[in-house]
2 protein chains.
Amino acid sequence: MNTKKQAEQILRDGHVKPTSIRLEVLSYLLGTDQHPCVDQIYLDLKERIPTLSKASIYNSLHLLVEEHIIQKITIEDEKTRYDADHSTHSHFFCKGCGQVMDIEGLDPNDFKSPLLKEFEVDQIQIYYAGYCPACKVQKEDKTDE
Amino acid sequence: MNTKKQAEQILRDGHVKPTSIRLEVLSYLLGTDQHPCVDQIYLDLKERIPTLSKASIYNSLHLLVEEHIIQKITIEDEKTRYDADHSTHSHFFCKGCGQVMDIEGLDPNDFKSPLLKEFEVDQIQIYYAGYCPACKVQKEDKTDE
DNA sequence: TTATAAATTTGTAATCATTACAAACGAGGT
DNA sequence: ACCTCGTTTGTAATGATTACAAATTTATAA
Ligand SMILES: [Mn+2]
Ligand SMILES: [Mn+2]
Ligand SMILES: [Zn+2]
Ligand SMILES: [Zn+2]
């Protein structure tokens with residue numbers, strides 16, 4: 001487990017004081033590919049840190065997003081997800097299992113239309129929605145029987 | 001104003017009973033390029049229909065989304081926007097004026113990565129965030145003085 | 001037409017994620 | 001040890017969405 005070390009380095013580089021909660025939150029995000037929501041982060045960290053408050057999770061996440069250390073992902077409208085990978089990359093949301101996964105291998109910057117010449121584009125979000133391979137076969141099986 | 005006729009046709013084609021509220025909501029969406037949220041739709045329609053309930057707006061929107069007649073757009077995480085254009089197209093969200101506008105001229109379907117071969121992709125959402133031409137110059141002016 | 005059933009619309013209460021904010025805490029510095 | 005300031009916590013407020021039962025409208029049958 002050296003996501004802690006990694007987190008500390010990232011915070012220092014970003015001139016953000018590496019407080020205990022910030023380290024916990026960032027290190028948690030670095031250690032997962034699940035794009036968790038606030039509640040997920042809170043529940044998992046709370047097991048090791050019983051005094052933890054959900055407000056602290058919000059505090060840290062807001063700061064980290066502000067400092068461009070992590071990114072916010074808005075897919076389902078009920079809850080916001082967070083990603084330690086702040087680079088521009090695409091996601092797939094599975095309506096079956098609810099997972100959000102990275103789709104590598106395509107560069108969203110290629111989507112910059114010439115129509116955006118007059119715009120200042122700070123961020124590109126791309127996501128696909130549908131069924132992941134596992135959930136897809138499940139659905140087909142159900143239709144069969 | 002023949003968005004009403006248009007709405008009626010679309011509902012019939014989709015085998016959705018064209019009730020008065022559904023016609024109002026769909027016709028409102030057809031008549032705007034603003035990608036309005038529930039409250040915007042509600043407030044504007046309420047002026048002409050004083051008995052209107054917000055629950056009815058939710059009812060109609062949910063049904064229309066379900067029937068693939070309109071689409072839900074999730075950009076800002078506080079509120080959901082709706083679009084009578086259910087085709088796959090891109091949007092730009094301006095952090096200055098808060099507007100969401102269509103970006104034509106690129107087909108998101110071109111971007112189906114080979115990595116998605118095993119997936120069932122029902123929907124592609126792409127949006128850019130930043131500053132629209134108008135807000136961009138305003139920002140630059142402020143920096144100058 | 002009148003009665004009856006079904007669907008729609010309304011009003012309101014409940015839910016749930018997020019925000020606001022004041023009190024408690026804790027790491028440095030004196 | 002004491003003070004200060006930023007951090008963390010607990011809790012209340014907000015605001016969008018959902019749930020749901022009552023009222024109203026529309027469709028169907030007698
Ligand atoms: Mn990701
Ligand atoms: Mn649009
Ligand atoms: Zn799945
Ligand atoms: Zn703008």
Side-chain angles (χ1 to χ4, degrees), chain A residues 7-8 11-12 14-28 35-67 69-83 93 98 100, chain B residues 7-8 11-12 14-28 35-67 69-83 93 98 100:
Chain A
E8 193 169 342
L11 290 178
R12 287 199 196 295
H15 308 294
V16 174
K17 196 200 280 185
T19 67
S20 68
I21 308 290
R22 283 171 202 166
L23 281 168
E24 291 287 355
V25 170
L26 180 52
S27 142
Y28 178 88
H35 308 87
C37 62
V38 171
D39 239 61
Q40 189 68 63
I41 302 170
Y42 173 65
L43 291 173
D44 283 351
L45 290 183
K46 178 130 189 153
E47 286 189 6
R48 286 194 299 99
I49 314 160
T51 60
L52 185 65
S53 154
K54 201 183 281 187
S56 302
I57 306 289
Y58 277 106
N59 286 342
S60 291
L61 289 172
H62 288 165
L63 181 68
L64 294 175
V65 167
E66 186 110 348
E67 299 295 331
I69 289 171
I70 63 175
Q71 74 174 303
K72 198 200 276 207
I73 301 178
T74 319
I75 294 186
E76 302 136 289
D77 41 8
E78 327 88 66
K79 61 187 174 182
T80 307
R81 291 168 174 268
Y82 293 87
D83 192 342
F93 171 67
V100 170
Chain B
E8 193 168 341
L11 290 178
R12 285 198 196 296
H15 307 291
V16 174
K17 197 200 282 186
T19 67
S20 69
I21 308 289
R22 286 171 200 166
L23 281 169
E24 290 288 352
V25 169
L26 180 53
S27 142
Y28 177 89
H35 308 88
C37 61
V38 172
D39 239 59
Q40 188 68 62
I41 301 169
Y42 173 65
L43 291 173
D44 282 352
L45 290 183
K46 179 130 191 154
E47 286 189 8
R48 284 192 305 97
I49 314 160
T51 61
L52 185 64
S53 153
K54 201 183 282 187
S56 302
I57 306 289
Y58 278 105
N59 287 341
S60 289
L61 289 172
H62 289 165
L63 180 69
L64 294 176
V65 167
E66 185 110 348
E67 299 295 330
I69 289 170
I70 64 175
Q71 74 173 304
K72 198 201 275 210
I73 301 177
T74 319
I75 294 186
E76 303 136 290
D77 41 8
E78 327 88 67
K79 60 187 175 180
T80 307
R81 291 167 174 270
Y82 294 87
D83 191 341
F93 171 66
V100 170

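Below, all heavy atoms of this structure are taken into account, side chains as well, without hydrogens, waters or symmetry copies. Keep in mind the model is a prediction, meaning the values are calculated, not measured. We name chains A, B, ... by the order of the sequence lines, and we start the count at 1 in each one.
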Euclidean distance, atom OH of residue B/Tyr82 to atom P of D/dA16 [Å, nearest integer]:
13 Å
Can you tell me the distance, in whole Å, between the CD atom of A/Glu76 and the C1' atom of C/dT18?
16 Å
Return the value, rounded to whole Å, for the distance between atom CG of B/Leu63 and atom P of D/dT18.
14 Å
Check whether any side-chain heavy atom of B/Ile75 lies under 4.5 Å from a side-chain heavy atom of B/His35, and answer yes or no.
no
Ion pair check, A/Asp77 and B/Lys72, cut-off under 4.0 Å:
yes
From C-beta outward on A/Val38, which listed nucleotide comes closest to its side chain: D/dT7, D/dT17, C/dT18?
C/dT18
Measure the distance from CG on B/Leu23 to P on D/dT26 and round it to the nearest whole Å.
12 Å
Phosphate contact (C/dT9 OP1 or OP2) by B/Thr19 side-chain N/O below 4.0 Å:
yes
Would you say that A/Pro36 contacts A/Tyr28 through its side chain, given a criterion of any heavy-atom pair below 4.5 Å between the two side chains?
yes
Output the rounded distance in Å from CG (B/Asp77) to P (C/dT18).
7 Å
Quick one: does B/Leu23's side chain get under 4.5 Å of B/Glu8's, heavy atoms only?
yes
Looking at B/His62, I'd like to know whether one of its side-chain N or O atoms comes within less than 4.0 Å of OP1 or OP2 on D/dT17.
no
Which residue, B/Glu78 or B/Lys17, contacts DNA chain D at a nucleotide closer to its 5' end, judged by nearest heavy atom?
B/Glu78
Does the side chain of A/Thr80 reach to within under 4.5 Å of the side chain of A/Ile73, using non-hydrogen atoms?
no
Take atom CD1 of B/Ile21 and atom C1' of C/dA7, then tell me their distance rounded to the nearest Å.
13 Å
Considering only side-chain heavy atoms of A/Thr80, which listed nucleotide, C/dT18, C/dT19, C/dT8, is closest?
C/dT18
B/Glu24 CD to C/dT10 C1': how many Å, rounded?
16 Å
Within residues 40-59 of chain B, residues whose heavy atoms come under 4.0 Å of DNA chain C:
B/Thr51, B/Leu52, B/Ser53, B/Ala55, B/Ser56, B/Asn59
Taking the side chain as every heavy atom from C-beta outward, state whether B/Leu64 and B/Tyr82 have any pair of such atoms under 4.5 Å apart.
no
Separation of atom CG in B/Leu61 from atom P in D/dT18, rounded to whole Å:
11 Å
With a 4.0 Å limit, can you tell me whether B/Ser20 has a side-chain N or O closer than that to the phosphate oxygens OP1/OP2 of C/dT9?
yes
Just by distance, do the side chain of A/Arg22 and the backbone of A/Lys17 share a donor-acceptor pair under 3.5 Å?
yes
